[in-house]
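Being a predicted model, the structure only gives us computed values, none of them experimental. Indexing begins at 1, ligand by ligand and atom by atom, following the structure's order.
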Amino acid sequence: MLAISRFRSSFRILAAASFSADASADFSGPEVKTRIPGPESLRLISELNKIQESRAVDIFIDFKKSRGNYVYDADGNRLLDVCNHIASLPLGYNHPDILSALQDPGILHLLAHRPALGIAPPTEFVHMLESSLLAVAPAGLTDVMTMMCGACAVENAFKTAFLHYQRRERGETEPTDEEYQSCLRNEPPGSPNLTVLTFKGSFHGRTFGALSATRSKYLHKLDLPAFDWPAAPFPQLKYPLDEHEQENRREEMSCLDAVRNIAREWSERGKPVACLSVEPIQSEGGDRHATPYFFRELQTIAKDIGALFHVDEVQTFGITGKLWAHEHWDLPHSPDIVTFAKKLQTSGAFVRPGLRPDRSWRIFNTWMGDPSKMIIADAVVKCIKKHDLVQKTGTVGAGLLKGLNELQERYPAILSRARGAGTLCSIDCRTSQLKDEVVKALQNEGIYIIGCGERTIRLRPSLVFEDRHAAVFLDIFDAVLARQPK
Ligand SMILES: Cc1ncc(COP(=O)(O)O)c(C=O)c1O
């Protein structure tokens, strides 16, 4: 273990006033006994590899022993987890509120069945939706459809937009016989040439529609057929945003012009944009931010071109200092569709009224979610509200970002572009290779962290990540950086 002190002492005052949603359930720091991955993780990886591709596995996890923000791996190493299963553990490990919700004998029948929610939901379903998902619904979005994963939510957001577009085009008339026949051949007019406009660097998932909208890495897309859909440039901003307002504004205006032009060109080519989809922060693509101005203008463009404005909040729910990241934008109207997954434990989309398909079975699959995960979502939502966890991501995140900025000043040859919203923070390394080395060194010093984009180290702490955890992270990061060749 490295000696740690610097940030811990600067966080001492904050820590004294700190909240604790899981006070009894945490540790004072990491404890690393082996290289990461250790021999037992390596053995399990090799066993798994006999059955399935497992080269992406970092460590095997001892879920039983892990608590709060600390994860135990198969070798008994205890790491501070700022990855959280790619941003998807809302309350860390074994949170008492989740455990107690699952121990309620009155829910055993819900755990025992995975129903076809679209045709035969449990009697409790309406209440479950109301008390969990609808309790955190974005303002103005009163419909919610539950789905299977983030990509599945995105697929159905796109389908909602296409169905809406066609219904608007067709008006009250019935589809023609030619439309019925041609859709079975995957041909227009039944399968219309509608498109989704997304952004270079975006990530919306790996199923075919979502993957066509994804533009982050070759690895995800190579050798796979894709829909012919447009992509616009996403602003490449300078950080801190408030110190580069003018040049950032110029960059955003140029990207907005490109969006308008692309939408017009594709419409002229007979492939109109039915859905304009954007992440509030391009996450997998390298934690790229834009300003509220950019998003407000995008919403206007979507309206002007007759497309739905879809905000993909799969990665951003709860962590940016607001419940939904788009609440930072001061939009004049709600987005049309907001997709979620990860921290809400169940996935789906909030949709504004008037966008339901004209018939049943059109937005559908067998499970359409999972009531057992909604029990967890319910406990998460209640815990968020009880402990004001979202607001706390704002205060804890401010300290974390301040610490990252300090490190960037101390190690200018290694780090740049510290940025963040709430605890969704990140920083770039000089090269992609250096990023990989720093991530590995951090893991070996007891921080479970991963990168994103080309050169970015990203933090995705749980919502019970406190100042004291930030201090542990920053101290260890500092020590790891001090050892890097300058
Ligand atoms: C913004 C965004 N959309 C969609 C997805 C896909 O979610 P899933 O991996 O659950 O399919 C992700 C996953 O990282 C994401 O970050």
Worksheet entry | Carboxylate-amine/guanidinium proximity below 4.0 Å for Arg419 and Asp287 | no
Does a side-chain N-to-carboxylate-O contact under 4.0 Å join Arg352 and Asp336?
yes
Rounded to the nearest 0.5 angstrom, the CZ-OG1 distance for Phe162 and Thr195 is 7.0 Å
Looking only at non-hydrogen atoms, the one of Ser347, Ala151, Cys152 nearest atom 11 (O) of ligand 1 is Ala151
Heavy-atom count check: over 12 atoms from other residues, nucleotides or ligands less than 6.0 Å from Ile301 CD1? yes
closest protein heavy atom to atom 16 (O) of ligand 1 is Gln315 NE2, 2.8 Å
The atoms of ligand 1 lying under 4.0 Å from a heavy atom of Gly205, numbered in the order shown, are 4 (C), 6 (C)
Would you say atom 9 (O) of ligand 1 makes contact with the protein, given that contact here means a non-hydrogen protein atom less than 4.0 Å away?
no
### Message
Lys342 versus ligand 1: do any nitrogen or oxygen atoms come within less than 3.5 Å of each other?
### Response
yes
Under 4.0 Å between heavy atoms, the region of Glu279 that gets near ligand 1 turns out to be side chain
Using distance alone, determine whether Gly150 and ligand 1 share an N or O pair under 3.5 Å. yes
Lys/Arg N to Asp/Glu carboxylate O, Arg260 vs Glu297, below 4.0 Å: yes
Numbered in order shown, the ligand 1 atoms found under 4.0 Å of a heavy atom of Asp312 are 1 (C), 2 (C), 3 (N), 4 (C)
| query | Run the ring pair (Phe, Tyr, Trp, His ring centres under 6.0 Å) check on His326 and Phe295 step by step: do they pass? | reply | CA-CA 8 Å; His326 73 262; Phe295 295 105; 10.0 Å; no
Check Arg114 with Asp370, please: is the shortest side-chain N to carboxylate O separation under 4.0 Å?
yes
Notebook entry, point to check: Taking the non-hydrogen atoms of Glu313, is any one of them nearer than 4.0 angstrom to ligand 1?
Noted result: no
